[in-house]
Amino acid sequence: MPNKPASWIAGAKSVLLKDLRLELRNKSVLGTLLIFVLSTLFLVLFATAREDLGPRTKSGLLWIVILFTAALGLGRVFLSEEERGTAIFLRLHTREGMVYLGKLCYSFLTLLCANAVSSGVFLLLLSVEVALPELFILTICLGTLGLAGATTLLAAIISRTARGGPLLPVLLFPLLIPLLLSAVEATHLSFTGQSFTTDGWSAAIGSLVTMVSFSGVVIAASILLFDYVWEN
């Protein structure tokens, strides 16, 4: 039996660096995501060119783009390992939790890059003014963490099924409803800077706590369940 890394950080870092090297060499995931994001945003701009959209509608449109970007790009995190035949080497040389943490970090960084581009282009094309930029950035980061946590475990599950790729959006959307509702509300408050009765930061605390709690619960549950999913 091959020796497995004793340190979780070292094992997860090895998995992360392997995926980053492959992505920098092939640019398959980031390239696909950027093309999808830009195409979707230009379609949104074309469809809403003559409409005066409210801040809540704009925040909803932004998170629709982010949701489908995650479903498109992160669904192949484990499928690519199965197709290349490298999944067996990960099982032999790395502990289950290290694989999950490495893949989670890779998913988070990849999605964060795509979301940074999509958010910037979205704000520019739709001429959206952000009253609270710090709240907007924090919302994007927390939403990305929750999306990465949920998508990584589901990607591992569908990689073990035949033709499981289309299953990811179906399984993902019901799970993400609490996260998406909170993210849309916090983004709306970052655009307006205030609610009816209080300032934006105070009004957004509930949504931010929900996003942090969602990410914590999903990632903790994924760590507990990943051993069974990965080995069976």
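The shown structure was predicted, so the numbers you read here are calculated from the model rather than taken from an experiment.
Inter-residue side-chain proximity for Phe191 and Glu129 is flagged as unmet; no heavy-atom pair is nearer than 4.5 Å. Considering only heavy atoms from C-beta on, Thr94 stays 4.5 Å or farther from Ser14 through its side chain. Within the 4.5 Å cutoff, the side chain of Val65 has heavy atoms near those of the Leu41 side chain. Using a 4.5 Å heavy-atom threshold, the side chains of Val218 and Ser222 count as touching. Looking only at side-chain heavy atoms (C-beta outward), Arg95 and Val99 stay at 4.5 Å or farther from each other. Residues Leu43 and Ser39 form no side-chain contact, since every pair of their non-hydrogen atoms from C-beta on lies 4.5 Å or further apart. Two residues are said to be in side-chain contact when any heavy atoms from C-beta on lie closer than 4.5 Å; Tyr106 and Thr152 fail this criterion.
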#### Entry: Derivation and outcome, side chain to side chain contact (heavy atoms under 4.5 Å, CB included), residues Ile66 and Trp63
CA-CA 5 Å; Ile66 290 175; Trp63 279 98; 3.7 Å; yes

### Steps toward side chain to side chain contact (heavy atoms under 4.5 Å, CB included) verdict (Ser59, Leu62)
CA-CA 5 Å; Ser59 61; Leu62 175 60; 5.7 Å; no

### Verdict with reasoning, Glu96 to Tyr228, per side chain to side chain contact (heavy atoms under 4.5 Å, CB included)
CA-CA 9 Å; Glu96 296 83 356; Tyr228 177 79; over 6 Å; no

### Message
Let's go through Tyr100 and Ile219 carefully: what are the C-alpha distance in whole Å and the side-chain angles of both, what is the deciding distance for side chain to side chain contact (heavy atoms under 4.5 Å, CB included) to 0.1 Å, and is it a yes or a no?
### Response
CA-CA 10 Å; Tyr100 175 77; Ile219 292 174; 4.2 Å; yes

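Under the ring-ring contact (aromatic ring centres under 6.0 Å, His included) criterion, Phe122 pairs with no residue, sequence neighbours left out.
Looking at Thr69, Thr110, Thr144 one by one, the single match for side chain to side chain donor-acceptor pair (under 3.5 Å) with Asn115 turns out to be Thr144.
Taken from CG in Asp19 to SG in Cys105, the straight-line distance is 10.5 Å, to the nearest 0.5 Å. To the nearest 0.5 angstrom, Ile223 atom CD1 is 8.0 Å from Leu104 atom CG. Here Leu101 contributes atom CG and Ile9 contributes atom CD1; the two are 9.5 Å apart, rounded to the nearest 0.5 Å. The distance from the CG atom of Leu123 to the OG atom of Ser118 is 9.0 Å, given to the nearest 0.5 Å. Distance check, rounded to the nearest 0.5 Å: OG of Ser127 to CG of Leu53 gives 11.0 Å. For the atom pair CG of Leu145 and OG of Ser215, the computed distance is 4.0 Å after rounding to the nearest 0.5 Å.
Of all non-hydrogen atoms in Leu172 and Ala150, the two that sit nearest each other are CD1-CB, 4.2 Å. Closest approach of Gly11 to Met98, counting heavy atoms only: CA-SD, 3.6 Å.
Linking ILVMFWY side-chain heavy atoms closer than 4.5 Å, directly or via other members, places Phe173 and Leu153 in a single hydrophobic cluster. By the criterion of side-chain heavy atoms lying less than 4.5 angstrom apart, applied directly or through intervening Ile, Leu, Val, Met, Phe, Trp or Tyr residues, Leu225 is grouped together with Leu90 in one hydrophobic cluster. The same ILVMFWY cluster, assembled from side-chain heavy atoms under 4.5 Å apart, contains both Leu125 and Leu34. Hydrophobic clustering, with ILVMFWY side chains joined whenever heavy atoms are under 4.5 angstrom apart, keeps Ile137 apart from Leu189. In the hydrophobic clustering of ILVMFWY residues, with side-chain heavy atoms under 4.5 Å counting as a link, Leu138 and Val212 come out together.
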Run the side-chain donor-acceptor check on residues 174-186: report pairs under 3.5 Å with partners two or more places apart or on a different chain.
residue, atom, partner, partner atom, Å
Ser182, OG, Pro178, O, 3.0
Glu185, OE1, Arg56, NH1, 2.8

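Within 6.0 Å of CZ in Phe68 there are 12 or fewer heavy atoms belonging to other residues, nucleotides or ligands. For Lys13, the NZ atom counts as loosely surrounded, since its 6.0 Å shell holds 12 or fewer non-hydrogen atoms of other residues, nucleotides or ligands.
Taking the centre of each ring, Phe226 and Phe78 come in below the 6.0 Å mark.
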